[in-house]
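Structure record follows, encoded as structure tokens.
When reading the values below, keep in mind they use all heavy atoms of this one structure, side chains included, and skip hydrogens, waters and symmetry mates. What you are looking at is a predicted structure, and each value in this text was computed from that prediction instead of being measured.
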Amino acid sequence: MADLDSIVAEIAHDMRGITERGHVADYIPPLACVDPGKFGIAVIDAGGGAHVAGDADEAFSIQSLSKVFGLTLALTLEGSALWSRVRQEPSGSAFNSIVQLESEHGIPRNPFINAGAIVISDILVSHLGRMGARQALLDFARAQSGAPEGLYIDENMAQQERETGFRNAALANYMRTFGNIRNPIDDTLDLYFHQCALTMSCRQLAGIGGYLMTGGVDLHTGRMVTSVPNTRTIMALMMMCGHYDGSGAFAIRVGLPGKSGVGGGILAIAPGLASVAVWSPGLNAQGNSLLGTLALEKLVQKTGWSVFNPFPLSVQKIT
């Protein structure tokens with residue numbers, strides 16, 4: 001089998017030749033300006049080695065990918081009590097839908113749809129305060145990336161999120177009527193918008209995902225970031241809910257826990273083997289990266305890393 005450097009280089013080469021690249025998100029002005037020709041891929045292996053190709057070192061807005069990191073902090077602070085305020089089930093609806101909240105008494109289906117992530121932000125604000133929670137998310141991302149330089153919260157993006165976030169405000173206010181938002185709406189939404197404005201490269205994103213690959217262990221220090229049960233829970237939710245109403249198709253095509261963002265990034269985890277980040281800003285009809293999904297499908301075909309592979313993943317390890 002070819003080594004990982006050759007595999008990621010071949011995938012990046014193949015992606016360059018594809019003309020159908022989807023459509024960039026345009027409801028937030030800065031996202032509408034991103035070049036759809038961009039493509040990056042980064043694989044961090046279990047030994048901490050980086051295998052990158054394409055635009056892997058160019059920073060982009062990770063958007064909803066940040067919900068994974070917010071959930072990690074909230075689970076570590078709140079524990080299983082968190083699940084009284086947000087469920088663990090696929091929604092089957094669009095990421096910003098308000099429909100289910102009425103029939104389900106203001107309890108979001110999962111922490112990766114917008115309503116659920118807003119509840120997670122509310123929990124973090126309760127524990128850490130508005131500015132403290134923002135700084136904790138940034139510090140967490142920088143520490144886990146292994147390469148913090150150039151990883152930041154884009155204040156202009158956060159402002160644009162706020163100015164266009166009418167539906168998110170509606171979700172928060174509606175959940176407040178059920179008592180499921182407990183801080184001032186502005187404080188909770190401020191954290192949510194700043195979280196979505198986290199900006200980093202594929203290399204950094206794959207580095208952050210290392211703690212999920214290792215069962216909660218920081219690849220760089222060997223210290224526990226969060227518990228093994230927490231990482232299991234997060235990856236299960238990524239598999240079931242990480243691509244919204246496209247999660248089932250992603251599980252079939254790729255077979256790895258994954259989380260997407262409308263900035264065109266996807267983080268996927270091969271447990272015990274690799275953390276993978278891809279970025280291509282053109283989206284499919286479900287709002288997930290078109291080429292990013294295809295690239296991950298090709299990666300799994302070449303490595304056998306699907307969790308549904310009939311052979312143990314440990315025998316699929318490659319260098």
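- Expressed to the nearest 0.5 Å, how far CE of Met235 lies from CG of Leu212 amounts to 6.0 Å.
- Each salt bridge (Lys or Arg N to Asp or Glu O under 4.0 Å) pair with one or both residues in residues 123-132, not counting sequence neighbours, appears once here: Arg130-Asp187, Arg130-Asp190.
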Which donor-acceptor pairs under 3.5 Å do the side chains of residues 267-279 make with protein atoms, sequence neighbours left out?
residue	atom	partner	partner atom	Å
Ser275	OG	Ala206	O	2.7
Trp279	NE1	Gly263	O	3.1

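- Contacts of Arg176 classified as salt bridge (charged side-chain N to carboxylate O under 4.0 Å, His left out), with partners at least two apart in sequence or in another chain: none.
- Between Asn168 and Phe193 there is a side-chain heavy-atom pair separated by less than 4.5 Å.
- The salt bridge (charged side-chain N to carboxylate O under 4.0 Å, His left out) test applied to Arg203 returns Asp57, not counting sequence neighbours.
- Remark: side-chain polar atoms of Thr199 are paired, donor with acceptor, to backbone N or O of Ala197 under 3.5 angstrom.
- With values rounded to the nearest 0.5 angstrom, Arg87 atom CZ is found 10.0 Å from Ile113 atom CD1.
- Residues satisfying the salt bridge (charged side-chain N to carboxylate O under 4.0 Å, His left out) test with Asp186, not counting sequence neighbours, are none.
- Annotation: salt bridge (Lys or Arg N to Asp or Glu O under 4.0 Å) contacts involving residues 270-290, sequence neighbours excluded, are absent.
- Counting only residues at least two apart or on different chains, no salt bridge (Lys or Arg N to Asp or Glu O under 4.0 Å) pair has a member in residues 204-214.
- Note: His243 and Phe250 have parallel aromatic rings, judged against thresholds of 30 and 60 degrees for the angle between ring planes.
- Identified under the side chain to side chain donor-acceptor pair (under 3.5 Å) test for residues 254-267, with sequence neighbours left out: Tyr244-Lys259, Ser260-Asn288.
- The salt bridge (Lys or Arg N to Asp or Glu O under 4.0 Å) contacts involving residues 28-37 comprise nothing, where partners must be two or more places apart or lie in separate chains.
- Judged by distance alone, the side chains of Tyr192 and Asp122 never bring a donor and an acceptor atom under 3.5 Å apart.
- Distance check: Thr293 OG1 to Gln286 CD gives 9.0 Å after rounding to the nearest 0.5 Å.
- Applying side-chain contact (heavy atoms from CB on, under 4.5 Å) to Phe60 and the options Ser201, Ser280, Cys202 leaves one that passes, Cys202.
- Partners of Lys38 by salt bridge (charged side-chain N to carboxylate O under 4.0 Å, His left out), not counting sequence neighbours, listed by chain and number: Glu58.
- A salt bridge does not link Arg109 with Glu89: none of the charged nitrogens is closer than 4.0 Å to a carboxylate oxygen.
- Not one N or O on the side chain of Asp218 forms a donor-acceptor pair closer than 3.5 Å with the backbone of Gln144.
- Proximity of a side-chain donor or acceptor of Gln63 to a complementary backbone N or O of Cys196 within less than 3.5 Å is detected.
- Ser66 places a side-chain N or O within donor-acceptor distance of the main-chain N or O of Gln195, the cut-off being under 3.5 Å.
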Can you list, pair by pair, the side-chain donor-acceptor contacts under 3.5 Å of residues 74-81, counting residues two or more places apart and other chains?
residue	atom	partner	partner atom	Å
Thr76	OG1	Thr72	O	2.8
Thr76	OG1	Thr226	OG1	3.0
Glu78	OE1	His127	NE2	2.6

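- The stretch residues 145-155 participates, sequence neighbours left out, in these side chain to side chain donor-acceptor pair (under 3.5 Å) pairs: Glu155-His194.
- Judged purely by distance below 3.5 Å, without hydrogens or angles, the side chains of Thr233 and Asn230 never pair a donor atom with an acceptor atom.
- In this structure, Arg85 contributes its side chain and Asn180 its backbone to a donor-acceptor pair below 3.5 Å.
- In this structure, the separation between CD1 on Ile123 and CG on Leu191 is 11.5 Å, given to the nearest 0.5 Å.
- One finds no salt bridge joining Glu10 and Lys298 here, because no Lys/Arg side-chain nitrogen approaches an Asp/Glu carboxylate oxygen to under 4.0 Å.
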